[in-house]
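As the structure is a computational prediction, the values presented were derived from the model and not from experiment. Just so you know, these numbers use all the heavy atoms, side chains as well, and skip hydrogens, waters and symmetry mates.
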Amino acid sequence: REQVWCTTYPYPDVEAHSWYSNQVATLTNAGILSGFPDGTFRPEEKVTTGQALKMIILAAGYAEPETVSSHWARGYLHFALEAGILERGEITDLDVSMSRLLTAKVSARALGVTRQDAQQKFTDTNDDCVQALSEIGIIGGYPDGTFRPNGSLTRAELSAIVSRIYAYRLDRNGGSTDNPDDPED
């Protein structure tokens with residue numbers, strides 16, 4: 001699915017010609033992404049586990065979970081655990097950087113995709129979730145053939161991945177933004 005270029009960008013720190021600007025605008029318009037209270041997006045900041053959970057869960061089509069007063073992202077954490085998107089102990093702090101491997105695991109589980117090909121796509125991981133997302137074009141690796149599973153992601157990088165998750169869901173659902181697997185829809 002081709003994304004529509006937006007002529008206005010909602011954040012002063014997202015330049016119209018940056019490689020991620022279209023994804024950020026699309027996700028913001030869809031209600032999947034929001035900036036900080038000061039109106040910025042902060043594209044080069046490392047994405048936190050709480051931020052990543054929110055973006056992935058919403059892009060995959062699940063309803064906004066109930067808020068929990070102890071932390072703005074705690075409702076996303078509870079939902080992810082209940083829905084089987086996360087396993088207990090995978091996230092213990094909602095304010096630390098999200099690894100590339102955990103991003104892949106959460107994303108694959110949220111989409112319900114599994115590995116179809118036995119071929120190893122990356123030299124540094126053969127994780128089934130990473131491979132499944134690579135097979136459907138959600139994630140890619142680096143030119144040297146690595147995935148760098150322990151590396152972190154910037155908010156701009158995660159926006160590109162989440163944009164592909166959103167487009168994949170729309171394609172799978174015939175353009176509908178509803179998630180047929182979400183009982184609350």
Do [X] and [Y] come close enough that some side-chain heavy atom pair is under 4.5 Å?
| X | Y | value |
| --- | --- | --- |
| Gln131 | Phe122 | yes |
| Phe147 | Asp127 | no |
| Leu53 | Leu86 | yes |
| Ile85 | Lys105 | no |
| Leu102 | Glu90 | yes |
| Thr49 | Asp95 | no |
| Leu133 | Leu111 | yes |
| Gln51 | Arg155 | yes |

If you round to the nearest 0.5 Å, how far is [atom2] of [Y] from [atom1] of [X]?
| X | Y | atom1 | atom2 | answer |
| --- | --- | --- | --- | --- |
| Lys46 | Ser99 | NZ | OG | 12.0 Å |
| Arg115 | Ser134 | CZ | OG | 9.5 Å |
| Leu27 | Ser159 | CG | OG | 6.0 Å |
| Trp19 | Glu157 | CH2 | CD | 5.5 Å |
| Leu33 | Tyr166 | CG | OH | 12.0 Å |
| Met98 | Leu153 | CE | CG | 8.5 Å |

- Message: Taking Met55 as the starting point, is it possible to reach Phe36 by hopping between hydrophobic residues whose side chains are less than 4.5 Å apart?
- Response: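 In one cluster with Phe36: Met55, no.
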- Determine whether Leu81 and Leu58 fall in the same hydrophobic cluster, where Ile, Leu, Val, Met, Phe, Trp and Tyr are linked whenever their side-chain heavy atoms lie under 4.5 Å apart.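 Yes; Leu58 is reachable from Leu81 via cluster members.
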- Run the numbers on Val96 and Thr48 for side-chain contact (heavy atoms from CB on, under 4.5 Å), then give the verdict. CA-CA 5 Å; Val96 297; Thr48 67; over 6 Å; no
If every non-hydrogen atom of [X] is compared with every non-hydrogen atom of [Y], which pair is closest and at what distance?
| X | Y | answer |
| --- | --- | --- |
| Ala52 | Val47 | N-CG2, 3.9 Å |
| Gly140 | Arg100 | O-NH2, 3.5 Å |
| Asp13 | Arg42 | OD2-N, 2.6 Å |
| Glu135 | Thr114 | OE1-O, 4.1 Å |
| Val162 | Ala59 | CG1-CB, 3.4 Å |
| Ala73 | Gly50 | CB-CA, 3.6 Å |

Tell me if a side-chain donor or acceptor on [X] pairs with a main-chain N or O of [Y] at a distance below 3.5 Å.
| X | Y | result |
| --- | --- | --- |
| Arg109 | Ala104 | no |
| Ser21 | Ala16 | yes |
| Tyr11 | Gly35 | yes |
| Thr26 | Asn22 | yes |
| Thr67 | Trp72 | no |

- Kindly determine whether Tyr20 and Glu15 satisfy side-chain contact (heavy atoms from CB on, under 4.5 Å), including the steps that lead there. CA-CA 9 Å; Tyr20 53 85; Glu15 295 181 22; 6.0 Å; no
- Option from Asp124, Val130, Thr103 for which side chain to side chain contact (heavy atoms under 4.5 Å, CB included) with Pro149 holds: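 Output: one option passes, namely Asp124.
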- Message: I want to know whether Phe79 and Tyr62 have ring centres closer than 6.0 Å.
- Response: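 Between Phe79 and Tyr62, the centre distance is under 6.0 Å.
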- Task: Evaluate side-chain contact (heavy atoms from CB on, under 4.5 Å) for Arg74 paired with Ser69, printing each intermediate quantity in order.
- Result: CA-CA 8 Å; Arg74 179 95 32 215; Ser69 62; over 6 Å; no
- For Glu45 and Thr154, what are the C-alpha separation, side-chain angles and deciding distance, and is it a side-chain contact (heavy atoms from CB on, under 4.5 Å)? CA-CA 5 Å; Glu45 269 191 19; Thr154 65; over 6 Å; no
- Item | Under 3.5 Å side-chain donor-acceptor pair for Thr40 and Asp38 |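 Present: a donor and an acceptor within the cut-off.
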